[in-house]
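Have a look at the structure below, then the notes.
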Amino acid sequence: MTQPTANSIPSETNFNHSKTSLNSFAPRLLDWFAENGRHDLPWQQHQTDTPNPYVVWLSEVMLQQTQVTTVLPYFARFMDTFPTVQDLAAADWDVVAEHWAGLGYYARARNLHKGAKQLAEIIDETGDFPQTLADWEAISGVGPSTAGAIMAMGLHHYGVICDGNVKRVLTRWAAIDGDITKSATTKELWALAERLTPTENSGLFAQAMMDMGATLCMRSKPACRLCPLQEDCLAHAEGRETDYPVKAKNSPNRVSLAMHC
DNA sequence: GTCCGGCAGC
DNA sequence: GCTGCCGGAC
């Protein structure tokens, strides 16, 4: 053991974990995903060298609001009727709406349709899908998280995701107790997600993070016993997994409650 | 009944 | 920086 010196003080003071923990996060997660993750979802592109960005874009927009099991049949019908982004772009709005019916958030279906037209035009001009984060964020209905997902999983470029699943995993692992609806906490979580995302295989990492959040690190009754991050999960160490993520509660005022009587 | 979510619009 | 969106899970 070397003596602690000024130089051995953790250099990454912005994070709650040691460099060793931070650096081993991705390998542990990826090992778990290889052994126990889901590899059969129809939009997954990690087992091909020629990923299809359309598939990832479409599925990610649906998954913004809806769980995997609900999305599956909708995604299948969309791919059946609109096999390419050009098919979706050329479709009448009524047909798109029919296929979306039941998913809710119809404004998103409008953005999806508009986004398809934008993408078809870009492909017409450049011969390919957008290739940068900024160009994807310029597509209607695509924000920072969806753009990162498409970069990583749909193009096999470098990309970072920080959606609800990731935020739950990270707030627990690092015991981040800031209100996740606040922008300061959002920034903190994005910084941690970036720090943990490996430069190679960021798509596989994104896939694994989402799978972890959905199948192990669930909102209630997380399966910590099976978790590859359990050993240094700060929330688990205190038995406070379900205290995270912290979110300020809407305090409905008594007047509006009384109105319902 | 109450909470959840990623984005756009405000 | 904050809120509405819309159906599902709980």
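As the structure is a computational prediction, the values presented were derived from the model and not from experiment.
Residue order along DNA chain B, read from the 5' end via each residue's closest nucleotide, puts A/R168 first among A/R168 and A/G141. Nearest-nucleotide positions on DNA chain C place A/G104 closer to the 5' end than the other of A/T69 and A/G104.
Of the possible polar contacts, none joining the A/Q207 side chain to the A/H46 backbone as a donor-acceptor pair under 3.5 Å is found. Between the A/T126 side chain and the A/I122 main chain, a donor and an acceptor come within less than 3.5 Å of each other. Between the side chain of A/D163 and the main chain of A/N165, a donor-acceptor pair closer than 3.5 Å is present.
Out of C/dC6, B/dC7, B/dA8, the shortest distance to the side chain of A/N111 is found at B/dA8. In the set B/dG5, B/dC7, C/dC6, B/dG5 carries the atom at the smallest distance from any side-chain atom of A/K247. Of the candidates C/dA9, C/dG7, B/dC7, C/dA9 carries the atom nearest the A/Q67 side chain, counting heavy atoms from C-beta on. With C/dG7, C/dA9, B/dG5 as the choices, the nucleotide that has an atom nearest any side-chain atom of A/T70 turns out to be C/dA9. The side chain of A/R219 sits closest to B/dC4 out of B/dC7, B/dC4, C/dG7.
Going from atom CD of A/Q65 over to atom P of B/dC3 covers 20 Å, rounded to whole Å. Atom CH2 in A/W100 sits about 11 Å away from atom P in C/dG7, given to the nearest Å. One can place CG of A/L112 at 16 Å from C1' of C/dC6, the figure rounded to the nearest angstrom. Summarising the geometry, the separation between CG on A/L133 and P on B/dC7 is reported as 11 Å, rounded to the nearest angstrom. Here C/dG8 presents its C1' atom at 11 Å from CG of A/L103, a figure rounded to the nearest Å. Straight-line distance from the CG atom of A/L63 to the P atom of C/dG7: 17 Å, rounded to whole Å. Atom CG in A/D179 sits about 14 Å away from atom P in C/dG1, given to the nearest Å. Spacing between atom NZ of A/K167 and atom C1' of B/dC4 amounts to 12 Å, rounded to whole angstrom units.
Within 4.0 Å (heavy atoms only), A/T181 reaches no atom of the nucleic acid at all. If you check every strand for non-hydrogen atoms under 4.0 Å, A/S220 touches nothing. Contact annotation for A/V142: backbone-only contact, meaning every heavy-atom pair under 4.0 Å involves sugar-phosphate atoms and none involves a base.
The base of B/dG5 sits within donor-acceptor range of the side chain of A/Y105, with an N or O pair under 3.5 Å.
Aromatic ring orientation, A/H39 versus A/F33: tilted (interplanar angle from 30° to 60°).
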- Query: Step by step, would you call A/W173 with A/R168 a side chain to side chain contact (heavy atoms under 4.5 Å, CB included)?
  - Reply: CA-CA 9 Å; A/W173 184 69; A/R168 192 170 56 256; over 6 Å; no
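Using a 4.0 Å cut-off, some side-chain N or O of A/S183 falls inside it from OP1 or OP2 of C/dG1.
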